[in-house]
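Values below: all heavy atoms of this structure, side chains included; hydrogens, waters and symmetry mates excluded.
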Amino acid sequence: MGAEHYPPPWFSVAPMMEWTDNHYRTLARLISKKAWLYSEMLAAETIVYQTGNLDRFLAYGPEQHPIVLQIGGNNLENLAKATQLATPYGYDEINFNCGCPSPRVAGHGCFGVRLMLDPKFVAEAMCIIAANTNVPVSVKCRIGLDDHDSYNELCDFIYKVSSQSPTRHFIIHSRKALLNGISPADNRRIPPLKYEYYYALLRDFPDLRFTINGGINSIDEVNAARTEGAHGVMLGRAAYSNPWQTLGLVDSAVYGAPLRSITRRQVLEQYQVYGDSVVRMYGLKPHIRDVVKPLLGLFHAEPRNVVWKRKVDAALLRCTTIKSILEETLGEIPDRVLDSPLTEVPSGSTDTFIKAKSLLPPPYTVSEEELL
């Protein structure tokens, strides 16, 4: 259908390797009808060399729209082929990963966030991706990496990519990346957040669209960022580890729809039908543990949650269906939790983005060399 047929991407769930797979996205769409969902990052080579097994990596249910495919790589020919192969699956946007700091990706793989050092290549890649699809393209990046972390260097990257390719949407993770061997988890924690860079981009590139990402953990914070002018907001771990109190409030608190009356018991009933239809669909994959994994955050901070998860872990050793696992374990969760509909729960800081706007760096000026 294309992105223009769906609600605007005011809220999206970040692409997370080994997390935002088909199973998680199915659960997410049962809870929120309007959030934009992203695939895990798929390396272009994975798509190109799995042509006989593409459904395992690219197929999804039609209810998952709006959905964005994120791809990564540093080989233009493979990026072109991967986009061609993915296009029939009908994703609503193709996103190019220029932000992953994982040593496997940015280190040995020489792509992800390392590509921020080569905006000319990124622009070429975006031209090639756009030429092989009929949907919009976007870039997800950090605000810099290692010592290349000034606001001007970030702007140079945005300017070169946007002026030399059809890219008009950038998702900005508001931390730089450190490529000194620290883990991806530490790269989400150690580099300081600089939301002021994000808001300065809105000022300096008024014709582009920017989504803010990094350190945002509640719907209150989503709306606070948007109140201060953010075009869109992307959540990662918070939307995975606590989907009920994040995704569950997106449609009403962000998009203004009536609060849904769905309960967690109803969500589980629908997910169980899906789960039992896909377990071992591709030989030994997916394993039942993979299908159960997204459910483990559904009762975040609720009574008996820890006991329930422990019991699920034990049940996975002998149960072969999602139905049998839920029948064996849900007795640990109080009925009032299972059957309570969504309620608005305010939480989180709302003045962070006001402070960020008071710290904006000086306006970016394109150098004469760049103009030439």
Side-chain angles (χ1 to χ4, degrees), residues 1-3 12-29 35-100 102 104-106 108-112 115 125-126 128-140 171 184 236 239-240 271 274-294 322:
M1 290 178 66
S12 54
V13 179
M16 293 177 282
M17 292 176 69
E18 300 181 355
W19 297 87
T20 51
D21 56 17
N22 206 12
H23 316 311
Y24 170 77
R25 297 193 310 265
T26 298
L27 176 68
R29 187 57 77 216
W36 280 65
L37 305 178
Y38 278 64
S39 72
E40 305 173 83
M41 185 197 74
L42 279 175
E45 286 69 23
T46 299
I47 299 172
V48 170
Y49 299 134
Q50 293 282 344
T51 51
N53 199 20
L54 285 178
D55 281 0
R56 178 181 163 193
F57 296 96
L58 292 171
Y60 59 92
E63 73 284 347
Q64 288 186 30
H65 290 288
I67 180 172
V68 179
L69 171 66
Q70 187 185 69
I71 60 177
N74 61 4
N75 181 294
L76 294 176
E77 184 179 347
N78 283 341
L79 287 169
K81 289 179 182 176
T83 306
Q84 291 169 5
L85 291 167
T87 292
Y89 286 86
Y91 286 88
D92 301 301
E93 187 174 301
I94 307 291
N95 178 263
F96 188 47
N97 185 313
C98 296
C100 180
S102 163
R104 280 191 305 165
V105 172
H108 301 304
C110 289
F111 61 103
L115 293 178
M126 297 310 293
I128 282 175
I129 293 169
N132 286 281
T133 185
N134 55 359
V135 297
V137 295
S138 60
V139 166
K140 187 174 190 293
I171 298 103
Y240 192 97
Y271 187 83
Y274 158 78
D276 283 334
S277 73
V278 299
V279 169
R280 296 183 180 266
M281 177 182 282
Y282 305 104
L284 297 177
K285 297 285 186 176
H287 190 275
I288 191 169
R289 188 175 291 274
D290 300 324
V291 182
V292 168
K293 182 180 171 183
I322 307 299

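- Looking only at side-chain heavy atoms (C-beta outward), T87 and N132 stay at 4.5 Å or farther from each other.
- Considering CD of Q50 and CG of D55, their distance stands at 12.0 Å, rounded to 0.5 Å.
- Atom-to-atom distance recorded for Q70:CD and M17:CE is 9.0 Å, nearest 0.5 angstrom.
- One finds the OH atom of Y38 at 11.5 Å from the CG atom of N97 (value rounded to the nearest 0.5 Å).
- Of all heavy-atom pairs spanning P286 and V278, the tightest one is CD-O, 3.1 Å.
- Between the side chain of R29 and the backbone N or O of A35, at least one donor-acceptor pair lies under 3.5 Å.
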Worked check of side chain to side chain contact (heavy atoms under 4.5 Å, CB included) between N78 and Y49: CA-CA 10 Å; N78 283 341; Y49 299 134; 4.0 Å; yes
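- The nearest pair of heavy atoms linking T133 to V135 is OG1-CG2, 3.2 Å.
- What you find for G236 and A14 is that their closest heavy atoms are CA-CB, 3.8 Å.
- When atom types are taken as modelled, the side chain of Y91 and the backbone of L58 share a donor-acceptor pair closer than 3.5 angstrom.
- Of the inter-residue distances, the one linking T46 atom OG1 with L54 atom CG reads 10.5 Å to the nearest 0.5 angstrom.
- In this structure, Y271 has its ring center at least 6.0 angstrom away from the ring center of H23.
- Environment of CD in E63: crowded, with over 12 heavy atoms of neighbouring residues, nucleotides or ligands closer than 6.0 Å.
- Summarising the geometry, atom CZ belonging to F111 is positioned 11.0 Å from atom CG belonging to N75; distances are rounded to the nearest 0.5 Å.
- Between atom CD1 of residue I71 and atom CD of residue E40 there is a gap of 14.5 Å, rounded to the nearest 0.5 Å.
- Distance alone, capped at 3.5 Å, is enough to place a donor-acceptor pair between the Y60 side chain and the Y89 backbone.
- Annotation for N22 and A59: closest pair ND2-O, 3.5 Å, computed over non-hydrogen atoms.
- Minimum interatomic distance between L37 and A28 (heavy atoms only, all atoms of both residues): CD2-CB, 3.9 Å.
- E93 approaches S138 most closely through the heavy-atom pair OE2-OG, 2.6 Å.
- In this structure, the side chain of K293 engages the main chain of E18 through a donor-acceptor pair within 3.5 Å.
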Let me see the working for I322 and Y274 under side chain to side chain contact (heavy atoms under 4.5 Å, CB included), right down to the final yes or no. CA-CA 9 Å; I322 307 299; Y274 158 78; over 6 Å; no
Can you check side chain to side chain contact (heavy atoms under 4.5 Å, CB included) on S39 and R25, steps first, answer last? CA-CA 8 Å; S39 72; R25 297 193 310 265; 4.0 Å; yes
Dump the intermediate steps for side chain to side chain contact (heavy atoms under 4.5 Å, CB included) on W36 and V68, then the final yes or no. CA-CA 8 Å; W36 280 65; V68 179; 3.8 Å; yes
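- Between W19 and P294, the closest side-chain pair of non-hydrogen atoms is not below 4.5 Å.
- Contact of the V292 side chain with the R289 side chain is not registered, since no non-hydrogen atoms from C-beta on lie closer than 4.5 Å.
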